[in-house]
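Quick note on labels: first sequence line is chain A, next is B, and so on, each numbered from 1. The model shown is predicted, which means the values in this text are computed figures rather than measured ones.
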Amino acid sequence: MIHASHLSKVYKTGVLETVALSDVSFDIKKGEFVAIMGPSGSGKSTLMHILGALDRPTSGTYILDGKNVGDLSDDALADIRNQKIGFIFQAFNLLPRTSALRNVSLPLAYAGMPKIEREERARKYLELVGLKDRMHHTSAQLSGGQQQRVAIARGLAMNPAILLADEPTGNIASSQSAEIMAIFQKLNNEGHTIVMITHEPDIAEHAKRIIFVRDGALRGDEVVKKRRIAK
Amino acid sequence: MDIREIIIEAIQTLTVNKLRTSLAVLGIVIGIGSVIALISLGQSSQLAVQNQIQSLGSNLLTVIPGAQTTGGVRGAQGGGTSLTLEDALAIGTSDQITTVSAVSPEYSARAQVTAGGNNTNTQITGVYPAYQTIRKIALSQGSFISAQDVASLGRVAVIGPQAAVNLFGEGIDPIGQIVRINGQTLRIIGVTVSKGGTGFSSPDDALYVPLTTAQKVLFGASHVSTIAVEAKSQEVMVQAQNEIGFLLLSRHQLSDPAEADFTIFSQNDILNTASQITSTFTTLLGGIAAISLLVGGIGIMNIMLVTVTERTREIGLRKALGAKGNLIITQFLVEATMLTAIGGIVGMILGVAISFVLSKLMSLPFAISPSAIFLAIGVSGVVGIVFGWYPARKASKLQPIEALRYE
């Protein structure tokens with residue numbers, strides 16, 4: 001599903017060069033649930049941006065679902081993000097003052113799906129994340145956990161190759177974090193591939209495999225032995 | 001997404017963010033409204049000046065007794081006796097005169113007028129019926145001096161509204177009332193419409209009587225104090241002036257124009273002044289319009305820049321979800337076009353309404369300039385669309401991750 005080999009990213013500001021990522025290689029297979037862990041400044045966000053086709057690597061190759069993402073145009077990258085990747089952001093990033101239903105429909109609209117089909121699909125995924133009764137609520141009328149569930153439904157709507165979650169529990173109350181993790185595990189059991197970035201070990205332990213990143217390099221890649229199961 | 005969907009999406013975005021939308025529309029409304037109101041108000045004033053000049057009578061030549069040249073002793077204006085009714089009739093009938101459409105011989109004097117217990121000192125003008133058209137006298141009641149009145153030395157008078165109030169008091173119908181002038185009684189047959197203006201020779205404080213009555217019955221004079229002549233058009237004013245000059249010289253047995261015992265004034269002097277005022281007005285208006293367009297344009301530019309820049313994160317999110325750069329630009333362009341269209345229509349209505357109310361308050365004629373409307377909407381529309389498009393284009397070119405991080 002994901003083949004990353006020798007990925008590097010160097011930021012240039014004037015004469016200063018900052019190496020955010022150097023020579024990172026790994027594979028993620030279909031149906032995996034991987035947590036990428038590391039302290040802040042470790043390069044895990046940069047890695048996530050490259051995996052999400054939001055940014056291009058300076059060198060190395062990144063193949064997602066058989067497509068080499070590194071040498072695509074901006075518009076082709078937009079299509080990749082639309083069709084192959086479901087984003088879940090730390091800050092939810094829902095459109096303000098807009099209903100949950102419209103938020104979930106947005107990527108479907110960009111894919112050119114007819115309106116009736118779009119709404120039908122959006123309803124289906126909102127039901128899946130347990131927001132059947134709140135489809136017409138705006139973000140201001142939803143709790144953090146509920147907003148993140150809207151974002152999950154939006155990420156799922158296009159039935160992407162991978163779900164990419166960046167600190168999905170970072171902005172929500174710990175009591176609601178378990179709900180989000182339960183949804184992730186359920187989706188993973190149904191066959192969805194999930195890549196989650198986090199710095200919290202107890203959140204990472206919900207995944208099946210953890211990749212450790214520090215100072216822009218891979219520092220470990222192990223299977224979770226005592227996996228947490230969220231309820 | 002096709003254009004229909006983008007339009008629906010834009011409408012939804014605009015209606016969902018009511019405060020932002022109304023602020024942007026307000027900026028455009030003020031930009032467009034103020035330009036239209038200012039220019040229309042300026043044109044109203046211009047029209048008012050023109051109307052006032054027109055009301056003096058256009059194409060008007062005035063012949064008065066007395067030499068044009070200075071030097072030597074000269075009587076006060078109107079004091080000379082060299083012009084007669086026959087001179088006036090000759091101007092109206094002579095074969096040498098081809099450019100004159102109407103002639104009005106006039107004899108004016110001030111006199112004490114009494115009615116009941118009231119009396120007032122006012123201007124008495126002996127007139128022919130042509131006076132009414134040449135001097136643009138409108139009547140609010142009754143009729144003007146007729147040819148019959150002139151022929152029969154009729155003891156009748158037409159009164160100005162101010163003189164009527166002075167003599168009869170407010171709210172009294174002057175028609176049929178009797179006034180006494182120099183021991184003679186005259187019956188009021190008409191009242192003129194107020195022309196405005198105050199002072200010693202206000203047309204509102206005046207009495208008009210048949211010329212023959214003024215000359216023979218009231219004042220015992222054989223001359224006329226003024227001959228007002230209307231030329232056929234603006235273009236033949238100079239020719240008319242020359243024709244009248246030659247006719248009067250030959251009638252007065254004079255060969256040298258320098259010896260002329262009369263003077264012909266034309267309205268040209270006044271019209272020249274008027275066109276100077278008008279062109280000053282036009283320049284002033286252009287300046288005002290330019291400044292208000294600039295101010296309005298900057299206002300629109302600001303609000304569009306702020307609202308679009310504020311949405312950089314939203315643009316980043318839309319791109320992350322798969323929106324292509326062109327789609328983002330189209331969406332913002334559609335939104336900007338809608339904002340300027342709504343703002344333009346509301347601003348136009350507001351601008352027209354403001355200029356209507358103000359022109360009524362200042363009792364100016366109401367004038368709407370289509371070119372001002374096109375200019376205001378054109379410039380504001382272009383500014384609104386360009387400054388809605390430019391930051392959106394900039395944001396759509398950002399990498400989605402930079403746009404998402406934008407604070």
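Annotation for B/A323 and A/Y110: closest pair CB-CZ, 3.5 Å, computed over non-hydrogen atoms. Residue B/G322 comes nearest to A/N82 through the heavy atom pair CA-CB, 3.6 Å, listed as atom of the first residue, atom of the second, then distance. Of all non-hydrogen atoms in A/R102 and B/E9, the two that sit nearest each other are NH2-OE2, 3.2 Å.
Chosen from B/E402, B/K319, B/E314, B/R318, the residue pairing most often with chain A at heavy-atom distances under 4.5 Å is B/R318. Interface remark: of the candidates A/G155, A/G86, A/A109, A/A91, A/A109 forms the most heavy-atom pairs closer than 4.5 Å to chain B.
The residues A/D79 and B/K324 are annotated as salt-bridged, a charged nitrogen and a carboxylate oxygen being separated by less than 4.0 angstrom.
Distance check, rounded to the nearest 0.5 Å: OG1 of A/T98 to CG of B/N17 gives 6.5 Å. Between B/L317 atom CG and A/L106 atom CG the span is 7.0 Å, to the nearest 0.5 Å.
The local environment of NZ in B/K360 is crowded, with over 12 non-hydrogen atoms from other residues, nucleotides or ligands closer than 6.0 Å. Sparse packing is recorded around CZ of A/R214, with 12 or fewer heavy atoms of other residues, nucleotides or ligands lying under 6.0 Å away. Counting heavy atoms of neighbouring residues, nucleotides and ligands inside a 6.0 Å radius, atom OH of B/Y390 does not exceed 12 of them. Within 6.0 Å of atom CD1 in A/I116, 12 or fewer heavy atoms from other residues, nucleotides or ligands are found, so the atom counts as exposed in its surroundings.
Residues B/L404 and A/F89 have side chains in contact (heavy-atom distance under 4.5 Å, counting atoms from C-beta outward). Two residues are said to be in side-chain contact when any heavy atoms from C-beta on lie closer than 4.5 Å; A/H49 and B/P400 fail this criterion. Inter-residue side-chain proximity for A/R97 and B/K18 is flagged as unmet; no heavy-atom pair is nearer than 4.5 Å. You'll find the side chain of A/D74 reaches within 4.5 Å of the side chain of B/Q399, heavy atoms only. Within the 4.5 Å cutoff, side-chain heavy atoms of B/L321 are placed close to those of A/R154.
Residue A/N93 touches chain B through both its backbone and its side chain, counting heavy-atom pairs closer than 4.5 Å.
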